[in-house]
Engineer: 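Okay, here's the structure, questions in a sec.
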Amino acid sequence: MAKRYATGTLAVQGVDLDIARGDFLALLGPSGCGKSTLLRMIAGLIPVSEGALDFPADAAARRSIGFVFQEPTLMPWASALRNVALPLELAGTPRREAEARAAEMLARVELAGFEHAYPRALSGGMKMRVSIARALVTKPRLLLMDEPFAALDEITRFRLNADLLDLWRAERFTVIFVTHSVFESVFLAERIVVMAPRPGRIVRELSVPAEDRAAPEFRTSATYAAHCREVSHALAEAMEGA
Amino acid sequence: MGAARLLRWLAPTLLGFLFLAGWEWAVRANEVPPFILPGPVLIAQTLARDWSSLSVSLLVTLQITFAALAVAASLGLLLAVLFAQSRVVEMSLFPYAVVLQVTPIVAIAPLIIIWVDDVRAALLICAWIVAFFPILSNTTVGLNSTDRNLEDLFRLYGASRWQVLWRLKLPSAMPYFLAGLRISGGLALIGAIVAEFVAGTGGRASGLAYRILEAGYQLQIPRMFAALVLVSGTGIAIFLALSLLSHLLLRRWHESAQAGEPR
Ligand SMILES: Nc1ncnc2c1ncn2[C@@H]1O[C@H](COP(=O)(O)OP(=O)(O)O)[C@@H](O)[C@H]1O
Ligand SMILES: [Mg+2]
């Protein structure tokens with residue numbers, strides 16, 4: 001796949017990715033290497049210039065996407081509940097059912113009791129939880145996340161990372177998670193795709209085996225550090241080659 | 001907090017009283033005749049004495065003002081929505097809205113009064129012309145300043161044009177619309193008064209501006225001041241009422257309406 005913007009920028013070139021159902025894949029790379037562009041092409045928000053996207057044959061798969069932006073991107077005039085219910089209501093789900101499912105989803109992201117709070121009254125981490133609940137409320141098969149936790153403090157980010165993993169382990173939706181943090185990618189993803197800029201392309205793919213990641217205290221373990229070192233090296237090489 | 005709020009009311013009130021007292025004192029001490037400058041006490045007495053005739057005029061002016069404001073608000077909103085739906089419509093009509101805005105109302109009021117037989121309709125049109133533009137331009141800006149990511153989100157979920165307008169664009173534009181409405185409230189009153197001045201209609205159904213003119217001709221200066229007090233009071237009341245409306249509608253989510261005083 002490739003993407004050239006109207007300005008002439010070749011944002012992504014020669015990208016070939018095969019993603020299986022239930023994968024947790026991280027797209028790792030410096031700013032401007034086309035991560036967001038790739039994600040937006042997958043979401044169908046911008047057209048693909050060259051190549052194509054293949055989704056599973058059933059038509060439902062194409063529609064079944066959740067998207068989480070770097071900012072929480074909530075409607076400030078609506079309560080947490082109404083924000084989460086939005087995707088269902090846009091699809092024509094009756095309001096009462098949509099709200100019931102939204103409330104359930106809010107509880108899943110540990111925001112029970114905050115249904116009627118307005119975004120202004122929520123902390124950055126809580127807003128991001130609402131945003132994740134909104135992305136998951138339609139039970140998507142594919143969850144796209146564009147540096148969702150980059151603007152949060154580290155303590156909040158660690159908690160959200162762990163909670164996201166729990167959700168993923170329970171539901172097994174496919175995740176493509178964009179990040180520029182080596183540590184985040186190793187903690188979260190089974191597959192880490194390293195990208196380099198100008199033009200944006202994939203330079204390497206590494207994997208973090210499930211056995212390693214299942215270990216308790218993975219974040220402080222020696223294997224975690226080893227994986228981080230490996231990924232950092234790959235990233236540094238990618239930058240040199242650019 | 002409590003003390004600061006108290007001061008916010010107390011300070012201007014106190015200043016107002018001092019000013020009025022000084023005025024009254026200056027008028028009495030220098031024995032200024034009432035047809036040059038009446039004191040506040042005399043103005044208040046005149047207001048009370050002439051209330052029956054002045055209140056009728058006040059009602060007339062208020063009717064025109066609110067009718068003009070209502071038409072300006074609905075038409076401004078409607079046109080702004082139309083602009084948001086079609087660039088071509090916006091590009092072809094917006095310049096004429098600007099023309100309407102920059103043409104001084106005093107200059108076109110006589111024409112409108114000649115063209116439109118019904119005086120009250122003519123006054124309404126004049127007030128509407130003045131009040132219309134801030135609502136149109138503010139709402140247009142508001143409709144165009146929705147969060148791009150939210151727009152993408154709506155697109156991702158296959159929202160219809162109508163859903164985007166109703167659930168995304170209109171709520172985003174709400175604070176802008178209300179800010180425009182607050183400006184237009186005062187302008188509608190000004191437009192109505194100016195048009196009444198130009199029209200100069202006599203008889204029962206004439207507004208406050210005519211009372212001012214009439215009192216001026218008859219050198220009833222205290223009555224003139226009384227009518228003036230009513231005009232200003234009305235303007236202040238309209239502004240406060242619209243600010244309150246805006247505060248009530250936005251307080252739960254918009255930055256401009258943080259807990260505290262309506263601004
Ligand atoms: N809408 C756009 N129009 C033109 N160029 C763009 C647009 N969006 C991104 N780009 C360019 O494409 C390249 C990749 O951008 P992006 O996908 O946002 O990178 P990343 O998310 O990895 O930081 C950058 O050089 C950027 O300037
Ligand atoms: Mg990006």
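Proteins come first, then strands; the chains are lettered A, B, ... in the order of their sequence lines, and each starts at number 1. Both backbone and side-chain heavy atoms feed into the values below; hydrogens, waters and symmetry mates do not. In this text, all values refer to a predicted model and were calculated from it rather than measured experimentally.
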Engineer: To the nearest 0.5 Å, how far apart are CG in B:L153 and OG in A:S131?
Structural biologist: 8.0 Å
Engineer: Report yes if some heavy atom in the side chain of A:T138 is under 4.5 Å from a heavy atom in the side chain of B:Y157; otherwise report no.
Structural biologist: yes
Engineer: Give a yes or no on this: more than 12 heavy atoms of other residues, nucleotides or ligands lie within 6.0 Å of atom CG of B:D118.
Structural biologist: yes
Engineer: Tell me the closest heavy-atom pair linking B:L156 and A:I65, and the distance in Å.
Structural biologist: CD2-O, 4.0 Å
Engineer: Check this for me: A:F183, atom CZ, are more than 12 non-hydrogen atoms of other residues, nucleotides or ligands nearer than 6.0 Å?
Structural biologist: no
Engineer: Taking all non-hydrogen atoms of both residues into account, name the closest pair between A:R134 and B:L150 and its distance.
Structural biologist: NH1-CD2, 4.2 Å
Engineer: Taking atom OH of A:Y5 as the centre, does the number of heavy atoms from other residues, nucleotides or ligands within less than 6.0 Å exceed 12?
Structural biologist: yes
Engineer: Taking all atoms of both residues into account, what is the closest heavy-atom pair of A:L45 and B:D152, and its distance?
Structural biologist: CD2-O, 3.4 Å
Engineer: Checking heavy atoms, do the side chain of A:E89, its backbone, both or neither come under 4.5 Å from chain B?
Structural biologist: both
Engineer: How many angstroms lie between CD1 in A:I46 and CZ in B:R155, if you round to the nearest 0.5 Å?
Structural biologist: 9.0 Å
Engineer: Are B:R252 and A:R120 packed together at the side-chain level, in the sense that at least one heavy-atom pair is separated by less than 4.5 angstrom?
Structural biologist: no
Engineer: Contact between B:R167 and A:L90 at the side-chain level, heavy atoms closer than 4.5 Å - yes or no?
Structural biologist: yes
Engineer: Going by residue number, which parts of residues 158-171 of chain A are within reach of chain B, meaning a heavy-atom gap below 4.5 Å?
Structural biologist: none
Engineer: Does any heavy atom of chain A fall under 4.5 Å from the side chain of B:D147, the backbone, both, or neither of them?
Structural biologist: side chain
Engineer: For A:E97, I'd like to know if atom CD has over 12 heavy atoms of other residues, nucleotides or ligands within 6.0 Å.
Structural biologist: yes
Engineer: Within the supplied structure, the quantity of interest is the number of heavy atoms (other residues, nucleotides, ligands) at a distance under 6.0 Å from A:I155 CD1; does it exceed 12?
Structural biologist: no
Engineer: Write down the atom of A:W77, the atom of B:L168, and the distance for their closest heavy-atom approach.
Structural biologist: CH2-O, 3.6 Å
Engineer: Just wondering, do B:F154 and A:L86 contact through their side chains at under 4.5 Å, heavy atoms?
Structural biologist: yes
Engineer: Using non-hydrogen atoms and a 4.5 Å limit, figure out which bit of A:F69 sits close to chain B: side chain, backbone, both or neither.
Structural biologist: side chain
Engineer: Which bit of B:S172 is near chain A, if near means a heavy-atom gap under 4.5 Å: side chain, backbone, both or neither?
Structural biologist: both
Engineer: Can you tell me how far the NE2 atom of B:H254 sits from the OH atom of A:Y118, to the nearest 0.5 Å?
Structural biologist: 14.0 Å
